[in-house]
Amino acid sequence: MQKVTIQGLVRKKTEGKRISALTAYDFPTAAIVDEAGVDIILVGDSLGVVVQGLDNTLPVTMDEMLYHTRIVARAAKRAMVLGDMPFLSYQVSVGEAVRNAGRFLQVGAQGVKIEGGANVLPVIKELVNFDIPVMAHIGITPQSIHRHGGYKVQGRDEAAAQRLVDEAKMVEDSGAFSLVVEGVPVELARKITESVSIPTIGIGGGPHCDGQILVIHDLLGLFDRFVPKFVKRYANLKETSVDAIRQYIAEVESGEFPGAEQSYT
Ligand code: KIV
């Protein structure tokens with residue numbers, strides 16, 4: 001099976017074809033997502049919230065990210081796997097960023113994602129210089145939750161919107177191969193998408209981005225502590241799972257399980 005490449009993703013944008021991306025954090029989920037045919041699997045630091053039960057992504061560590069990226073990469077036969085650089089893995093120095101990003105490639109990722117715009121240009125340039133593909137991430141950047149005062153839509157006034165368009169061009173010029181645009185008004189996401197030649201991947205950015213990404217737990221209805229407006233649930237696996245487990249408990253208690261079929265003679 002042919003692996004999804006940067007060149008293939010850029011071609012999709014040129015040909016007006018949409019790119020699909022999802023997060024995954026473990027082997028069985030990544031295998032399902034890959035079999036379904038998604039283009040990009042992001043091992044997002046969102047795992048801190050949807051897997052570890054944290055309130056935000058800031059405590060997630062490199063070691064945790066590498067653990068999850070290694071097992072996701074093992075499952076992904078076709079999809080491009082990207083590792084999400086966690087808080088403090090790229091801010092301290094460019095050298096540390098190169099070392100940490102390189103570790104993602106060593107465990108099987110094809111590239112990394114970094115939150116930030118103008119502030120991370122030297123990092124993007126150096127990673128690209130050392131052949132580490134970078135997906136940038138602007139708009140709502142969850143690692144900036146304290147500066148933004150929560151997960152708030154970005155670029156609502158003209159100056160902020162222009163700054164995001166400028167930053168999109170800057171990350172492209174610095175060598176990023178793609179750009180996540182999170183939580184911005186629809187028309188701004190369209191303007192950003194039209195301003196750059198690299199593919200934009202929207203999450204809460206409306207329909208004009210070159211692709212879309214969602215957190216898999218949101219899409220499958222496995223996470224309900226909070227549900228952002230941009231989430232569409234395609235299944236309710238939490239309800240299905242609770243029903244199945246309740247049935248199991250009832251059958252254990254009644255003695256119906258295990259039956260003859262599940263027992264050795
Ligand atoms: O951490 C994450 O999963 C992300 C995506 C939702 C873009 O950053």
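Residue numbers run from 1 in the order of the sequence given. Both ligands and their constituent atoms are indexed starting at 1 by order of listing. Just so it is clear, the values below take in all heavy atoms, side chains as well, and ignore hydrogens, waters and symmetry mates.
For atom 6 (C) of ligand 1, the nearest protein heavy atom (residue, atom name, distance) is I203 CD1, 3.6 Å. The nearest protein atom to atom 4 (C) of ligand 1, hydrogens excluded, is given as L42 CD2, 3.6 Å; this is a heavy-atom distance.
Shown in contact with D84 at under 4.0 Å from a heavy atom are these atoms of ligand 1, numbered in order with element: 1 (O), 2 (C), 8 (O). Atoms of ligand 1 found under 4.0 Å from any heavy atom of G44, numbered from 1 in the order shown, are 1 (O), 2 (C), 3 (O).
Between R74 and D26, none of the side-chain N atoms (NZ, or NE/NH1/NH2) sits under 4.0 Å from a carboxylate O, so this pair counts as no salt bridge. With respect to the salt-bridge test (charged N to carboxylate O, under 4.0 angstrom), the residues D63 and R103 qualify.
At least one donor-acceptor pair closer than 3.5 Å links the side chain of Q110 to the backbone N or O of V81. Formation of a donor-acceptor pair under 3.5 Å by the N100 side chain with backbone atoms of S89 is found in this model. Using a distance-only test at 3.5 Å, with no hydrogens or angles considered, no donor-acceptor pair links the side chain of S174 to the main chain of K125.
Only side-chain heavy atoms of K113 come within less than 4.0 Å of ligand 1; its backbone N, CA, C and O stay farther off.
Residue S46 has at least one nitrogen or oxygen atom sitting less than 3.5 Å from a nitrogen or oxygen atom of ligand 1, judged on distance alone. In terms of polar-atom proximity, T23 is not counted as a contact of ligand 1, lacking any N or O under 3.5 Å from an N or O of the ligand.
For an aromatic pair to be called close, the ring centres must be under 6.0 Å apart, and F87 with Y90 fails this.
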